[in-house]
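Take a look at the structure set out below.
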Amino acid sequence: MLKLLYEGKAKKVYQTEKEDELILSYKDDATAFNGKKKAQFVGKGRFNNLITAHVFNYLTAQGIPHHFIKTLNDTDQRVYKTTILPVEVVVRNRSSYSLNQRLSIPEKTRFSPPLVEWFYKNDDLNDPLINDQHLFLLTDVTELELAHIHALTLKINEALKDFFRQIDLDLIDFKIEFGRNSAGDIILSDEISPDTCRLEDIHTGEHLDKDVFRQGTGDLLDVYQIILSRLED
Ligand code: 5GP
């Protein structure tokens with residue numbers, strides 16, 4: 001029996017027999033608006049596990065340091081253990097309704113260079129937007145490391161834009177998380193899936209991401225199946 005270290009909204013984390021390796025087990029639960037909206041979609045865990053694996057395998061080829069090791073089965077993947085920084089890094093290539101609400105920037109406005117934002121991961125505070133100085137106060141990240149995270153984030157954005165463009169999707173925005181590995185290095189961690197990205201079909205303009213659940217505009221499983229099928233083609 002593997003030891004359950006942590007259960008989050010979308011994943012369970014288990015310790016493996018190796019001290020610095022974990023198993024992430026993707027759940028079928030979907031939550032939105034800081035857990036206020038909840039549902040279960042049988043098969044969602046499988047989609048996010050397999051789609052995340054495709055993304056990380058591509059990022060390996062692009063020289064991005066990350067935690068992913070391999071897929072174990074439909075819902076589980078093996079990763080290197082990291083201490084996750086309490087920061088959500090959001091990259092925006094285009095404005096969405098949330099930025100429109102916050103700053104009145106019309107939806108679909110393109111950003112070049114992309115906007116990079118830090119949010120403090122704290123459910124009780126509703127993950128507030130923070131600046132660099134807040135980040136230094138709230139984490140052990142140094143100025144040099146933040147510059148590294150910023151540069152890496154822009155490189156990840158370029159790689160992800162290319163990755164999704166290959167399956168006819170425009171990457172509107174996404175959230176990533178970084179963690180510190182056993183050597184003390186900061187590497188890309190967590191998942192990259194339609195739960196964490198906004199993706200638009202370049203031909204139809206259809207949204208193929210978790211917004212269909214957040215906004216109640218479509219069938220989450222149908223949409224995630226479309227993405228996985230395009231990746232497996
Ligand atoms: P927004 O700040 O516009 O709501 O989100 C920007 C991007 O980051 C979207 O692609 C969204 O999916 C992702 N994102 C932001 N916060 C979270 C979060 O707490 N969980 C997940 N899964 N994605 C998030």
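Keep in mind that the numbers below use all heavy atoms, side chains included, and drop hydrogens, waters and symmetry copies. Counting convention: from 1, in listed order, for ligands and their atoms alike. Remember, it's a predicted structure, so these values are computed and weren't measured experimentally.
- In this structure, Leu99 has no heavy atom closer than 4.0 Å to ligand 1.
- Residue contacts with ligand 1 do not include Lys9, since none of its heavy atoms lies under 4.0 Å from the ligand.
- In summary, the atoms of ligand 1 found under 4.0 Å from a heavy atom of Val90, numbered by their order in the structure, are 6 (C), 8 (O).
- With hydrogens left out, the protein atom closest to atom 8 (O) of ligand 1 is Lys175 CB, 3.3 Å, a heavy atom.
- In this structure, Arg214 is part of the shell of residues with a heavy atom less than 4.0 angstrom from ligand 1.
- A perpendicular orientation is assigned to the rings of Trp118 and His150, their planes being inclined by more than 60° (bins at 30° and 60°).
- Of all the atoms in ligand 1, the ones that sit under 4.0 Å from a non-hydrogen atom of Thr196 are 10 (O), 12 (O), 13 (C), 22 (N), 23 (N).
- With sequence neighbours left out, the side chain to side chain donor-acceptor pair (under 3.5 Å) criterion links Ser189 to Thr82.
- Among all protein heavy atoms, the one lying closest to atom 5 (O) of ligand 1 is Arg198 NH1, 3.7 Å.
- The ligand atoms of ligand 1 that sit less than 4.0 angstrom from a heavy atom of Arg92 are 1 (P), 2 (O), 3 (O), 6 (C).
- Within ligand 1, the atoms closer than 4.0 Å to a non-hydrogen atom of Ser96 are 3 (O), numbered from 1 in the order shown.
- Side-chain contact, His134 with Asn131: a donor N or O sits under 3.5 Å from an acceptor N or O.
- In this structure a side-chain-to-backbone donor-acceptor pair under 3.5 Å is present from Gln77 to Asn49.
- Of all the heavy atoms of Ala10, none lies under 4.0 Å from any atom of ligand 1, so neither backbone nor side chain is involved.
- Donor-acceptor pairing under 3.5 Å is lacking for the side chains of Asp76 and Tyr14.
- Residues Phe111 and Ile105 share a closest heavy-atom pair of CZ-CG2, 4.0 Å.
- Side-chain contact of Tyr26 with Asp74: a donor-acceptor pair under 3.5 Å is absent, judged by distance alone.
- Among protein heavy atoms, the minimum distance from atom 10 (O) of ligand 1 is reached at Asp173 OD1, 2.6 Å.
- Side chains of Lys27 and Gln40: a donor-acceptor N/O pair is absent below 3.5 angstrom, by distance only.
- Remark: minimum distance from atom 19 (O) of ligand 1 to any protein heavy atom is reached at Glu88 OE2, 3.3 Å.
- Every atom of ligand 1 with a heavy atom of Asp195 under 4.0 Å away is listed here by number and element: 12 (O), 21 (C), 22 (N), 23 (N).
- Among Ala30, Pro194, Ser98, the residue whose heavy atom sits closest to atom 3 (O) of ligand 1 is Ser98.
- With sequence neighbours excluded, the residues satisfying side-chain contact (heavy atoms from CB on, under 4.5 Å) with Val212 are Thr217, Leu220, Val223.
- Of all atoms in ligand 1, listed by their number and element, those nearer than 4.0 Å to a heavy atom of Cys197 are 10 (O), 12 (O).
- Phe47 and Phe41 have their aromatic ring centers separated by at least 6.0 angstrom.
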